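Data first, discussion second: the structure below is written as structure tokens.
Treat the numbers as computed from the prediction; the structure is a model and nothing was measured. All heavy atoms count here, side chains included; hydrogens, waters and symmetry mates do not.
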Amino acid sequence: MDDEYAKLIRRVNQPRVVIDNNACEDATVIQVDSVNKHGILLEVVQVLTDMNLTIRKAYIASDGGWFMDVFNVVDNDGNKIRDKEIIDYIQRRIETSAGFVPSRRGSVGVMPSEEHTSIELAGTDRPGLLSEVCAVLADLRCNIVNAEIWTHNTRAAAVVHVTDDSTGCAITDPKRLLMIKDLLCNVLKGNDDLKTAKTMLSAPGVMHRERRLHQIMFADRDYERVERTGVRAVEERSSRPQVNLLNIEKDYTVITMRAKDRPKLLFDIICTLTDMQYVVFHGMVNTTRMDANQEFYIRHVDGLPISSEAERVRVIQCLEAAIERRASEGLELELCTEDRLGLLSDITRIFRENSLCIKRALISTKGGKAKDTFYVTDMTGNPVNPKIIDSICRQIGRSALQVKHNISSLAPKPPHQETTMSYLFGNLFKARTFQNFKLIRSYS
């Protein structure tokens, strides 16, 4: 009966989304009011990031049975959202995602597909791993239509969508699927994998690829750091995001974070908190030109704050990992060319033969064209020699492969660290002021 009553409340109180271009001088303001439910914050943030919107500021309040959030967003060029069709589309997407329509597999706004077979991979990262995976798929006549590959803390994860080269559709033969799974598992295991390599063939259905990558790497415990020594260890520790936890009044745990700002940072954090079964009751996000400051008041879904030192350490490790997984290392290379079977196998083989290590990759095809982005370093994790890049561009074709920019050279120095208490309580009063403002506005 309680469940049916909750459904009735959600049907009667449909989400309200207000998009305002006049409330802020340099951003479009999106206000979302809805009946509260676990995961609703992630669903809204996921819609905004899927639309490639940059969240400059956010104010979150979800105490009690109501959810009220405000987001200041801009497009990729840093401008307000002016196109009415895009504004209407954002409004419909959020209202659908935050409403009664249930999401499957923790996804939002992604339609089921019968057009490809989804392959999920997890294992120990090593030089040339992606090249070996692509070579196996090419030999099995599997065409990679899109994929995303992440590496973090010696672990690698990928979600790859493939089609049968002869039919252009999903692969359905059980014997062939088993062969694909077995061969990829052999590649992932390598010779010294201390953890179990995993290959999953997902049935066609709803799946948000980036959220799934977070889940795969979390399950693979990539947050357990492999401690290094020497200069490299000092550099890694200085570049880590600053994450602090503190229990305060009303049995909240307060998380404060500071990290280099980048696209989808808020999504990565909220995704991880949600998958770890924590609820964000209040929060505030503020970005500067280079940095992002975030503050969240959380409890576990059972209503309790973080209660042990072991849990506190684990949450800090997992949030650091969530921020770092998508953080790009090294040189960004973009490939634009005609798609064909084995293209990715050939490209990654050339990278491997020239001693490049792929840290992250985003693969996509559309209309017979391949558009792939790779983030690469040398085998030791250091910047790539420009002569090697010049040689690779000549082999692949200068019109097809282009250097975008060197992420490492643009990385800022670690920000000056404020004390936890001054940062926390400085923003605490701001957050409460805004919450009061929203409550007055909502009832006026």
Using modelled atom types and a 3.5 Å cut-off, is there a donor and acceptor pairing between side-chain atoms of [X] and backbone atoms of [Y]?
X: D251; Y: L304; value: no
X: T151; Y: A156; value: no
X: D77; Y: N79; value: no
X: Q46; Y: L42; value: no
X: N354; Y: I388; value: no
X: Q91; Y: V17; value: yes

Legend entry - For F351, ring pair (Phe, Tyr, Trp, His ring centres under 6.0 Å) partners two or more places apart: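 Once residues adjacent in sequence are excluded, the partners of F351 under the ring pair (Phe, Tyr, Trp, His ring centres under 6.0 Å) criterion are F374.
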
Inset, instruction - Could I get the full list of ring pair (Phe, Tyr, Trp, His ring centres under 6.0 Å) partners for H38, not counting sequence neighbours? - result: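 Partners of H38 by the ring pair (Phe, Tyr, Trp, His ring centres under 6.0 Å) criterion come out as none, since no residue qualifies.
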
Legend entry - Any residue meeting salt bridge (charged side-chain N to carboxylate O under 4.0 Å, His left out) with R312, in chain and number order, not counting sequence neighbours: E309

Measure across [X] and [Y] and return the closest heavy-atom pair with its distance rounded to 0.1 Å.
X: T287; Y: A292; value: CG2-CB, 4.0 Å
X: E324; Y: R240; value: OE2-CG, 3.7 Å
X: R352; Y: M379; value: O-CE, 4.2 Å
X: A259; Y: P241; value: CB-CB, 3.8 Å

Please determine if [X] and [Y] form a salt bridge, counting it only when a charged side-chain N lies under 4.0 Å from a carboxylate O.
X: D220; Y: K198; answer: no
X: D88; Y: R92; answer: no
X: R325; Y: D222; answer: yes

Do [X] and [Y] make a side-chain contact, defined as non-hydrogen atoms from C-beta onward lying under 4.5 Å apart?
X: I55; Y: L265; value: no
X: T28; Y: N72; value: no
X: L401; Y: I347; value: no

Inset, instruction - Let me know which of T256, L41, I60 forms a side-chain contact (heavy atoms from CB on, under 4.5 Å) with F296. - result: I60

Pairing donors with acceptors under 3.5 angstrom, does anything connect the side chains of [X] and [Y]?
X: R212; Y: Q215; value: yes
X: T154; Y: D125; value: no
X: R155; Y: T124; value: yes

Inset, instruction - Run through H116, R209, K366, K371 and flag the one making a side-chain hydrogen bond (donor to acceptor under 3.5 Å, both in side chains) with N146. - result: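 With N146 as partner, H116, R209, K366, K371 yield a single side-chain hydrogen bond (donor to acceptor under 3.5 Å, both in side chains), made by R209.
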
Legend entry - Mutual orientation of the aromatic rings belonging to F267 and H214 [parallel < 30°, tilted 30-60°, perpendicular > 60°]: tilted

Inset, instruction - Run the numbers on I389 and L356 for side chain to side chain contact (heavy atoms under 4.5 Å, CB included), then give the verdict. - result: CA-CA 9 Å; I389 295 298; L356 295 192; 4.3 Å; yes

Inset, instruction - Evaluate side chain to side chain contact (heavy atoms under 4.5 Å, CB included) for W66 paired with V35, printing each intermediate quantity in order. - result: CA-CA 5 Å; W66 202 252; V35 172; 3.5 Å; yes

